[in-house]
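Encoded as structure tokens, the structure appears first; notes follow it.
Predicted model only: the values in this text are computed from it and were never measured. Naming: A, B, ... by sequence-line order, numbering from 1 per chain.
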Amino acid sequence: DQYSSTSAGPEPGSAAGDYKCIEVSTVEGLNMIKFNRPTKMNALTYEMYGEIVDALEKAAKDEKVVVTVTTGAGDYYCSGNDLSNFTKVDPTNIAGVAEEARKVLLKFVNAFICFPKPLIAMVNGPAIGISVTVLGMYDAVYASDKATFYTPFSILGQSPEGCSSYIFPRVMGFPKSSEMLLFNRRITAAEACDWGLVTRVFPHGTFHQEVSQIVKNYASLPKQSLWKSKQLSRKWSLETLQEVNKAECDVLKERWQSPECAQAIMDFFSRKSKM
Amino acid sequence: DQYSSTSAGPEPGSAAGDYKCIEVSTVEGLNMIKFNRPTKMNALTYEMYGEIVDALEKAAKDEKVVVTVTTGAGDYYCSGNDLSNFTKVDPTNIAGVAEEARKVLLKFVNAFICFPKPLIAMVNGPAIGISVTVLGMYDAVYASDKATFYTPFSILGQSPEGCSSYIFPRVMGFPKSSEMLLFNRRITAAEACDWGLVTRVFPHGTFHQEVSQIVKNYASLPKQSLWKSKQLSRKWSLETLQEVNKAECDVLKERWQSPECAQAIMDFFSRKSKM
Amino acid sequence: DQYSSTSAGPEPGSAAGDYKCIEVSTVEGLNMIKFNRPTKMNALTYEMYGEIVDALEKAAKDEKVVVTVTTGAGDYYCSGNDLSNFTKVDPTNIAGVAEEARKVLLKFVNAFICFPKPLIAMVNGPAIGISVTVLGMYDAVYASDKATFYTPFSILGQSPEGCSSYIFPRVMGFPKSSEMLLFNRRITAAEACDWGLVTRVFPHGTFHQEVSQIVKNYASLPKQSLWKSKQLSRKWSLETLQEVNKAECDVLKERWQSPECAQAIMDFFSRKSKM
């Protein structure tokens, strides 16, 4: 991997070594954020949410960063929220835990809403939950043909986030967005491309090499033009998306405290332990 | 048919037998509304519009209804507005008749805009007019490969309804939405799927069986999660869609009173009688 | 060509002979605007922008015009802004030149935003830049399978126009719209159809004949119904698109005065001269 061995970021504080759950590098304008918990399918702990926000904020400010790419280490792109975030919960303080989770989520999604530079996903394998929903805000999503896209909200008693309740219906229409966001259907890379979530699909064998070259070329384009163009195209929904993010997090906070959600998560672990 | 023989609804007033033009049942959370004028290709009379509104309002309130499905009896899904609604018109009171039609339509479409639970269409055959335009508000549209989608507004001197003037361009873009809504092109189930109106297409032979199983599974999902997620995703356009509905009905009322529309409908019946 | 030989327009001032860069005709309700600088791949000079605006304004007012079609003479549909608009610039008055260009562009795009009748593109070959971006506002886009769609903004140090910064993401989603508008990817007619910019693709050999018949039929539909339906469907974004147009032109004006843009255009001509 050409990126993992290079030194990162513009400030001492952003060196790759400072993060535990992600790996960050910047080479010739190309900033790469790699989700790096491969043994946990790159599931997002609170610490990892925070590190990604920090990396995005640094990339936004760093004049040397032209474009940012996210990808996953190992076979998965990202398996979404680490459910152990919920199982470790103190049962006497569910409200407090739900409020903490709400804040983490709100800040995480807001970092994507406000990111002022081109943002590209290299979806190297299965993507689940919030790693799928935020894709609607990316400027390009390149997927391996082994990637799948899965947002099992209702089966876990939860509800959509990442601004997907607003963006997905506007890109693919309600008849498709609800099949994903309400009815838990896992879609293939080819379907995700048809439905507007993915830009292009590549054979897994050449995925890394082909897409690495593509994003490297993007990082050499006139940068002010890229940034101004992106900011122009986002201007029309910036405030709405911030409002959407708040409303989604509020509904989720309520869901997390509901008996229905607790039961659904227990059922999930029960099914899992039987597999 | 597993649904038609079952008793319906939560209140005495909603029993299947109370409706003349539709058949309604609820089994294990799955509420099924079947358009039931097969000899008239399930064309919508004023009475039938009213019965569908009534069935939707009851389903919305009934705690036992988790999801609602609409489908058609016989070969057609629904052939849209029954043009005999217009041919029976008293020529001395066209304005009054147009106003009555406007009210019927406004209320019908509003029932779809406000429906708070997942709504699924099993499009078993050709769909025409308003039965097509309201599909943009459904949460899943499963179509037989014998289904077609046809909105012949301008050829009848009329104009789009069902919030399609707003939703269709936002899902498929103006270059495709206008070909349907302005230029009367009938599209296939596969095209409707490509264009965002249909979620998935099934071979006609296994359509009923496959989709019945799918929607049955949806009705067993955590229901508060389904309802809250749907309401969250609709919140962003609820007021706009109500405004769109009003404007569409106002334009149609004007169209219905125009010589151009009267001529176009006469031409239609004249062509039909020659076939 | 059945259109080029016919006399045009309703007023003396709109006769085909009055235009230098376009050819205009109206036959049985079908108004045809042909971009007519085939030796320059129909690139848009300031004069040509002005003539197209004039032709659209006359078509809007002319009761005899039911629908308007744009197409290109020769192999290209339109190669976009003629870069000689910039190379002839007086280097002591870049601000003045940028302001003039901004005004020309603002007026041109506004003519598409406000056009009150069905507007159809016959894309006979490659389309570049602003001839692509305004397609999002058309009511049908019929493309030859030799057509391509290319918006090389960032490679020329520029930014999107034609309301594409707003419309493209809403039709195809950001992951696809940014690949076109930020990352300069040229797409085929088939891709443009998948992505929502094109209604249908035709084999080049029969393109002209097939599409001429289609649009001729459209011009015979009840015209008030067509116009009212179009105006209804555009009402929901009319003011927003005017605001978007202004913002896009303001950003471009700034871009045109930037060293980055000047350098990018010089690099472009340098690469071109080496080919």
Interatomic distance, CG@A:Leu241 vs CZ@A:Phe112, rounded to 0.5 Å, equals 13.5 Å

Minimum side-chain heavy-atom gap [X]-[Y] below 4.5 Å:
X	Y	value
A:Met32	A:Val27	no
A:Val123	A:Val198	no
A:Pro118	C:Phe183	yes
A:Ile120	A:Ile214	no
A:Val69	A:Val211	no
C:Met180	C:Val132	yes
C:Leu56	C:Leu119	yes

Honestly, the part of C:Val244 sitting under 4.5 Å from a heavy atom of chain A is both

Turns out that what part of C:Phe153 lies under 4.5 Å from chain A's heavy atoms comes down to backbone

Considering only heavy-atom distances, could you tabulate the donor-acceptor pairs under 3.5 Å between chain C and chain A?
unit_1   : atom_1 : unit_2   : atom_2 : d
C:Gln158 : N      : A:Ser225 : OG     : 3.4
C:Gln158 : O      : A:Ser225 : OG     : 2.4
C:Ser165 : OG     : A:Trp236 : NE1    : 3.2
C:Pro175 : O      : A:Thr199 : OG1    : 2.6
C:Lys176 : NZ     : A:Cys193 : O      : 2.5
C:Lys176 : NZ     : A:Val198 : O      : 2.7
C:Ser178 : OG     : A:Asp139 : OD1    : 2.7
C:Glu179 : OE2    : A:Tyr142 : OH     : 2.7
C:Glu179 : OE2    : A:Arg200 : NE     : 2.9
C:Glu179 : OE2    : A:Arg200 : NH2    : 2.7
C:Glu260 : OE1    : A:Gln224 : N      : 3.4
C:Glu260 : OE1    : A:Ser225 : N      : 2.9
C:Glu260 : OE2    : A:Lys223 : N      : 3.0
C:Glu260 : OE2    : A:Gln224 : N      : 2.9

When the 4.5 angstrom heavy-atom criterion is applied to A:Leu221 and chain C, the contacting part is side chain

Answer key: most heavy-atom pairs under 4.5 Å with chain A among C:Ala264, C:Pro169, C:Ala247, C:Cys261 is C:Ala247

Among A:Leu226, A:Val67, A:Leu135, A:Leu197, the residue with the most heavy-atom pairs under 4.5 Å to chain C is A:Leu226

